[in-house]
Amino acid sequence: MTRILSGIQPSGQIHLGNYLGAIKNWVEEQETAESFYTVVDLHAITVEHNPEALRRSTQELVMGLFALGLDQSKSKTFLQSHVAQHCQLSWLMECTVTFGELNRMTQFKDKGKGDEKVRAGLFTYPALMVADILLYQADKVPVGDDQKQHLELARTAAQRFNNAYGDVFVVPSPMIPSIGARVMDLQDPTRKMSKSSASDAGLIYVFEEPESIQKKLRKAVTDAEGRVEYEPNIPERAGVNNLLEIYSAIDGRSPTEIASEYTSYGSLKSDLSEVVISHLAPFRKRYHEYLTDPSELGRQLKIGSDAAQEVAQKTLESAMSAIGFLKPIP
Ligand code: TRP
């Protein structure tokens, strides 16, 4: 059986880009693969953060993941900080990857901007991510395009470790989703929908009020062409293409087929609102049920971290023994 591991950062509310680009696929994959999903709270402190905000966004994200369909009886969802083995293996990985490799990470260059005061963890973060993946002996790692370089490092580290100390790790492969992988900002359709966006108007949150979703879609940027056609290679049509891709990711038909049913942007937008809102309605309901019973969340998370620890501890022990540490007496 294929083993899958993926991670998501707890930063802000879940938007349609997170859902259609990642979480929706996770929910589907848990039916056929042995899947581990982790909320990477350890990664969230590599940049300046606020403890209270971290607590809140972690809790909201976990509730959101369960509301959107992750199910502890099919896959295992857990907090990274609840499984100590991530930090432990991370040290071994820091001593497997090189300074040069970390120094070439484009995400570090983008976020660090050469600032002396940047946290050291921002620099070593890819080694922790390598540990996240290798601990579970994952075959496949669903990630966005922007994480390819990190995944390449995980492959390099696994191979290097295995060659030096013996076969301990499965060498993971990336799994880059195609459909709905790139939901664009509604106000600036040349940019990916992202929490770092300038305004909220370009983002649709999965638990957002229906009226607000409708309003944002109505105001979504299109163009002056006035034709509803799917033309993914024409950058000027990014707005309309994005609306058709969102529609397609939910509805299952191709963007071209959907386009053929519309002659105006107005009717496309109003039908798309309906499709989005009715797709999200059951999730919203479940999310609000969690809000009324937060203790259930703790119980669910324990199921995930118990299962994760069991797998992680086995891998950690093999790695520690292979690298030359003496085994402690049990
Ligand atoms: N670095 C990923 C991101 O920023 C999150 C992440 C951390 C992750 N550990 C992971 C993704 C392990 C996949 C597997 O999106």
Side-chain angles (χ1 to χ4, degrees), residues 2-15 17-23 25-26 29-30 33-47 49 54 57-58 61-62 64-65 70 75-90 93-94 97 101-102 105-112 119 121-158 169-177 181-183 192-196 304-305 308 311-312 315:
T2 305
R3 170 115 21 113
I4 285 180
L5 175 287
S6 198
I8 185 168
Q9 298 226 20
S11 48
Q13 304 171 57
I14 303 174
H15 56 69
N18 304 132
Y19 173 62
L20 294 177
I23 300 166
N25 297 320
W26 293 7
E29 279 144 14
Q30 70 179 348
E34 187 183 1
S35 320
F36 291 89
Y37 298 120
T38 178
V39 169
V40 293
D41 50 359
L42 298 174
H43 286 281
I45 61 167
T46 54
V47 291
H49 79 287
L54 177 58
S57 52
T58 304
L61 177 55
V62 175
L65 292 174
L70 288 188
S75 57
K76 294 293 176 277
T77 297
F78 61 95
L79 295 187
Q80 188 187 26
S81 66
H82 287 182
V83 182
Q85 290 85 352
H86 287 252
C87 289
Q88 294 174 280
L89 187 65
S90 176
M93 291 302 113
E94 282 186 40
V97 303
E101 283 163 343
L102 295 179
M105 289 291 146
T106 55
Q107 196 176 46
F108 177 72
K109 289 183 202 164
D110 293 345
K111 281 195 176 176
R119 294 181 180 173
L122 186 68
F123 185 71
T124 57
Y125 154 117
L128 176 58
M129 176 160 168
V130 169
D132 297 342
I133 297 166
L134 300 190
L135 268 181
Y136 299 92
Q137 307 287 17
D139 309 292
K140 300 264 179 231
V141 184
V143 281
D145 235 10
D146 59 329
Q147 296 295 315
K148 265 202 215 146
Q149 200 187 15
H150 288 158
L151 210 69
E152 202 43 54
L153 185 67
R155 291 173 59 83
T156 305
F169 297 118
V170 170
V171 181
S173 310
M175 213 172 148
I176 315 263
R182 275 177 79 80
V183 177
K192 226 173 120 169
M193 187 178 282
S194 147
K195 347 204 182 226
S196 56
S305 49
V311 176
T315 311

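Each ligand, and each atom within it, is numbered from 1 in the order the structure gives. Keep in mind that the numbers below use all heavy atoms, side chains included, and drop hydrogens, waters and symmetry copies.
Listed by chain and number, Leu5, Ser6, Gly7, Gln9, Val40, His43, Tyr125, Met129, Asp132, Ile133, Val141, Val143, Gln147 each place a non-hydrogen atom less than 4.0 angstrom from ligand 1.
Every side chain to side chain contact (heavy atoms under 4.5 Å, CB included) that His150 has, sequence neighbours left out, goes to Met105, Gln107, Tyr125, Pro126, Met129, Gln147. Annotation: side chain to side chain contact (heavy atoms under 4.5 Å, CB included) contacts of Glu34 (sequence neighbours excluded): Met1, Arg3, Phe36. Scanning for side chain to side chain contact (heavy atoms under 4.5 Å, CB included) contacts around Leu54 gives Pro10, Ala44, Ile45, His49, Thr58, with sequence neighbours left out.
Remark: the backbone N or O of Ala127 is not paired with any side-chain donor or acceptor of Glu94 at under 3.5 angstrom. Between the side chain of Lys111 and the backbone N or O of Leu122 there is no donor-acceptor pair closer than 3.5 Å. For Ser35 (side chain) and Ala33 (main-chain N/O), a donor-acceptor pair under 3.5 Å exists by modelled atom type.
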